[in-house]
Q: 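Before we start, here is the structure in question, set down as structure tokens.
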Amino acid sequence: MLTNEYLKRVYSEVEARDGHEKEFLQAVGEVFESLELVIDKHPEWEKAGLIERFVEPERVVEFRVPWTDDNGNVHVNRGYRVQFNSAIGPYKGGLRFHPSVNLSVVKFLGFEQILKNSLTSLPMGGGKGGSDFDPKGKSDNEIMRFCQSFMTELYRHIGQFTDTPAGDIGVGAREIGYLFGQYKRIVDRFDGGVLTGKGLSYGGSLARTQATGYGICYFSAEVLEHIAHDSFQGKNVIVSGSGNVAQYTAEKCTELGGKVIAMSDSKGYIYDPNGINLEVLFDIKQKRRERISVYADEVPGSEYHEGCKNIWNIKCDIAMPCASQNEMDVEGAKALIANGAMAVFEGANMPLTPEAIEAVRSAGLLYTPGKASNAGGVATSGLEMSQNSIRMSWTFEEVDEKLHGIMKNIFKSCYDASVECGRPGDMMVGANVAGFLKVADAMMAQGIV
């Protein structure tokens with residue numbers, strides 16, 4: 001519950017204006033709770049209307065996306081790009097293609113992206129976009145036609161010094177390729193830095209595919225070492241989801257000595273007490289694009305269960321939710337606590353409900369918010385932009401080393417901020433405050449814009 005009058009007033013204004021945008025309100029409320037610890041030291045913020053400007057996007061673009069399926073039928077989806085804050089660099093944030101996408105979801109993701117990008121220390125502002133288009137079950141040609149229609153509108157709003165999208169849920173290398181091809185055709189230029197997550201043959205970066213998942217583990221390893229004086233070694237781990245982020249979180253976690261015993265998709269979850277066979281999982285998800293239930297059919301001793309939310313009932317040491325927003329409710333959090341889990345490290349954006357976060361933190365579990373722990377993906381997108389600018393490519397090892405260093409620095413920034421706020425080790429407070437202060441300084445320096 002907010003107590004600072006300035007923050008209460010601004011939140012009430014946001015609630016009155018955007019009360020129907022529940023995900024956005026949830027993200028704003030979480031950040032404001034942390035900012036209460038520092039706002040009294042900065043009376044100049046209220047005079048400059050800083051918080052009011054911080055929660056209002058600089059620009060919101062909404063457009064229709066007509067496309068034709070393989071049978072000649074016309075469909076119309078809705079496209080979005082929220083350009084939220086450019087105080088420290090061009091807007092940067094992914095595109096999400098999923099039926100759940102609406103303006104509230106895109107605004108919450110863009111708002112989180114401001115702080116996430118700030119934490120990387122790279123010059124990137126916050127933005128996000130996407131569509132309620134569902135790529136599942138669509139042919140390559142249908143996806144190509146959709147992406148070309150989507151980019152036909154989006155191209156006029158982006159640029160490598162303006163707004164640089166990347167992928168997110170439903171937008172992988174295939175979709176980025178189609179989007180970039182259409183952008184290049186329209187503008188008649190090879191602006192490599194305008195989209196990240198590109199294929200290696202046309203300006204993509206090695207380690208970008210693995211970056212978000214690897215970065216989560218690098219950050220979490222710092223938390224385990226410096227706060228709990230522990231490590232992944234010998235820990236049973238649940239990684240929800242089975243997309244790009246979850247796959248490479250599981251891979252790096254395994255390399256660091258953890259045993260991933262459960263993963264999921266939108267229909268259900270698999271449990272393998274021997275540890276998930278990543279070779280089989282990657283084949284199912286990356287090559288065959290099949291449901292995770294196939295894993296249980298092919299790996300003896302494993303089980304498949306309907307209902308993805310029930311994954312949190314499995315006994316584990318560490319939970320790493322990597323699927324989507326609000327995937328873990330308070331019941332899931334209580335199940336983890338009752339089963340003796342020691343940590344929840346967020347891999348997705350805002351995967352815990354506010355009640356789940358409160359339960360986890362009150363029980364004394366280690367907790368890291370996604371804006372800090374999953375920042376490795378956008379950090380490596382920033383490194384891809386750097387390589388495009390200098391027209392060079394770094395090796396996998398070079399990029400991975402830079403990523404590891406960035407995640408260590410994010411941990412240090414968050415930890416130092418938590419100490420300054422009188423909450424040593426509170427990564428949620430640390431991430432929100434450290435990310436915000438850099439953006440606030442830039443906004444104050446640039447005047448009322």
Side-chain angles (χ1 to χ4, degrees), residues 69-70 96-101 133-144 146 167-177 197 209-214 216-217 235-255 258-316 318-328 332 335-336 347-348 351 374 377:
D69 66 25
D70 290 341
R96 174 176 294 191
F97 293 169
H98 191 272
S100 66
V101 169
F133 172 78
D134 188 357
K136 287 184 178 178
K138 306 295 193 300
S139 70
D140 286 350
N141 281 330
E142 287 173 329
I143 289 172
M144 180 182 70
F146 174 83
D168 194 83
I169 294 171
V171 180
R174 173 181 56 177
E175 290 77 15
I176 290 293
T209 303
Q210 297 85 351
T212 305
Y214 280 20
I216 292 163
C217 293
K235 303 293 189 299
N236 286 332
V237 182
I238 294 174
V239 177
S240 68
S242 53
N244 172 273
V245 175
Q247 290 171 28
Y248 291 105
T249 297
E251 182 176 75
K252 182 56 67 173
C253 174
T254 302
E255 288 179 16
K259 182 167 73 170
V260 178
I261 57 172
M263 298 183 73
S264 63
D265 63 14
S266 60
K267 298 295 184 182
Y269 68 91
I270 53 171
Y271 168 60
D272 189 340
N274 298 313
I276 299 295
N277 184 320
L278 295 176
E279 184 177 346
V280 174
L281 179 81
F282 283 14
D283 180 66
I284 291 169
K285 284 297 179 179
Q286 294 181 9
K287 296 180 182 178
R288 291 185 267 166
R289 297 177 185 265
E290 296 197 51
R291 286 289 179 185
I292 204 167
S293 58
V294 174
Y295 181 94
D297 297 332
E298 299 181 2
V299 179
S302 64
E303 306 169 3
Y304 172 73
H305 299 270
E306 291 286 341
C308 54
K309 282 199 171 185
N310 294 326
I311 193 172
W312 309 119
N313 292 322
I314 297 172
K315 183 177 175 61
C316 70
I318 297 171
M320 304 180 81
C322 295
S324 191
Q325 68 267 11
N326 291 326
E327 61 173 290
M328 185 190 296
L336 287 173
N374 78 11

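As the structure is a computational prediction, the values presented were derived from the model and not from experiment.
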Q: Are side-chain heavy atoms of C316 and L336 found at a separation under 4.5 Å?
A: yes

Q: Closest heavy-atom contact between K259 and G275?
A: CG-CA, 3.7 Å

Q: Considering only heavy atoms from C-beta outward, does the side chain of N236 approach that of K315 to under 4.5 Å?
A: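 No; the side chains remain at least 4.5 Å from each other.
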
Q: Write down the atom of A335, the atom of N313, and the distance for their closest heavy-atom approach.
A: CB-OD1, 3.3 Å

Q: Ignoring hydrogens and angles, tell me if any N or O in the side chain of E142 forms a donor-acceptor pair with the backbone of S139 under 3.5 Å.
A: yes

Q: Report yes if the side chains of F146 and P135 come closer than 4.5 Å at any heavy-atom pair, otherwise no.
A: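 Counting from C-beta outward, F146 and P135 never come under 4.5 Å.
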
Q: Would you say M320 and I216 make side-chain contact, with heavy atoms under 4.5 Å?
A: yes

Q: Strictly distance-based, threshold 3.5 Å: is any side-chain N or O of S264 a donor or acceptor partner for the main-chain N or O of G241?
A: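 Yes: the side chain of S264 pairs with the backbone of G241.
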
Q: Kindly give the heavy-atom pair with the smallest separation between I169 and S324, and that separation in Å.
A: CD1-OG, 4.2 Å

Q: Quick one: which of I238, I292, I314 gives a side-chain contact (heavy atoms from CB on, under 4.5 Å) with Y269?
A: I314

Q: Please examine the side chains of I143 and E175, heavy atoms only from C-beta on, and report whether any two atoms are closer than 4.5 Å.
A: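 Yes, at least one pair of side-chain atoms sits under 4.5 Å.
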
Q: May I ask you to test the E327-S240 pair for a side-chain heavy-atom distance under 4.5 Å?
A: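 Yes, close enough: below the 4.5 Å cut-off.
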
Q: Quick one: are the ring centres of Y271 and Y304 less than 6.0 Å apart?
A: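 Ring centres of Y304 and Y271 not closer than 6.0 Å.
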
Q: Is it true that D70 and K138 make a salt bridge, defined as a side-chain N closer than 4.0 Å to a carboxylate O?
A: no

Q: For residues V260 and C253, report the shortest heavy-atom separation together with the two atoms involved.
A: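 Taking every non-hydrogen atom into account, CG2-SG, 4.0 Å.
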
Q: By the definition salt bridge (Lys or Arg N to Asp or Glu O under 4.0 Å), identify the one residue from R289, K285, K136 that meets it with D265.
A: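 That would be K285.
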
Q: Begin with the C-alpha distance, continue with both residues' side-chain angles, and end with the deciding distance and a verdict on side-chain contact (heavy atoms from CB on, under 4.5 Å) for S293 and I270.
A: CA-CA 7 Å; S293 58; I270 53 171; 5.9 Å; no

Q: Hey, mind stepping through R288 and V294 against side-chain contact (heavy atoms from CB on, under 4.5 Å) and telling me if it holds?
A: CA-CA 10 Å; R288 291 185 267 166; V294 174; 4.0 Å; yes

Q: Just so I know, are the side chains of E298 and V280 near enough to count as touching, which here means a heavy-atom distance under 4.5 Å?
A: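 In contact.
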
Q: Side chains of E255 and C217: does their closest heavy-atom pair fall under 4.5 Å?
A: no

Q: Has N244 got a side-chain atom pairing as donor or acceptor with T209's backbone, closer than 3.5 angstrom?
A: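 Yes, N244 side chain to T209 backbone: donor-acceptor pair under 3.5 Å.
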
Q: Have Q247 and S242 got a donor and an acceptor in their side chains that come within less than 3.5 Å?
A: no

Q: Which heavy atom of C322 sits nearest a heavy atom of G347, and at what distance?
A: SG-CA, 3.7 Å

Q: Drop me the distance from N277's CG to T254's OG1, to the nearest 0.5 angstrom.
A: 10.0 Å

Q: Check the side chains of Y295 and D272 for a donor-acceptor pair under 3.5 angstrom, ignoring hydrogens and angles.
A: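 Checked: D272/Y295 side chains pair up, N/O donor to acceptor below 3.5 Å.
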
Q: Kindly give the heavy-atom pair with the smallest separation between M263 and A246, and that separation in Å.
A: CE-O, 3.7 Å

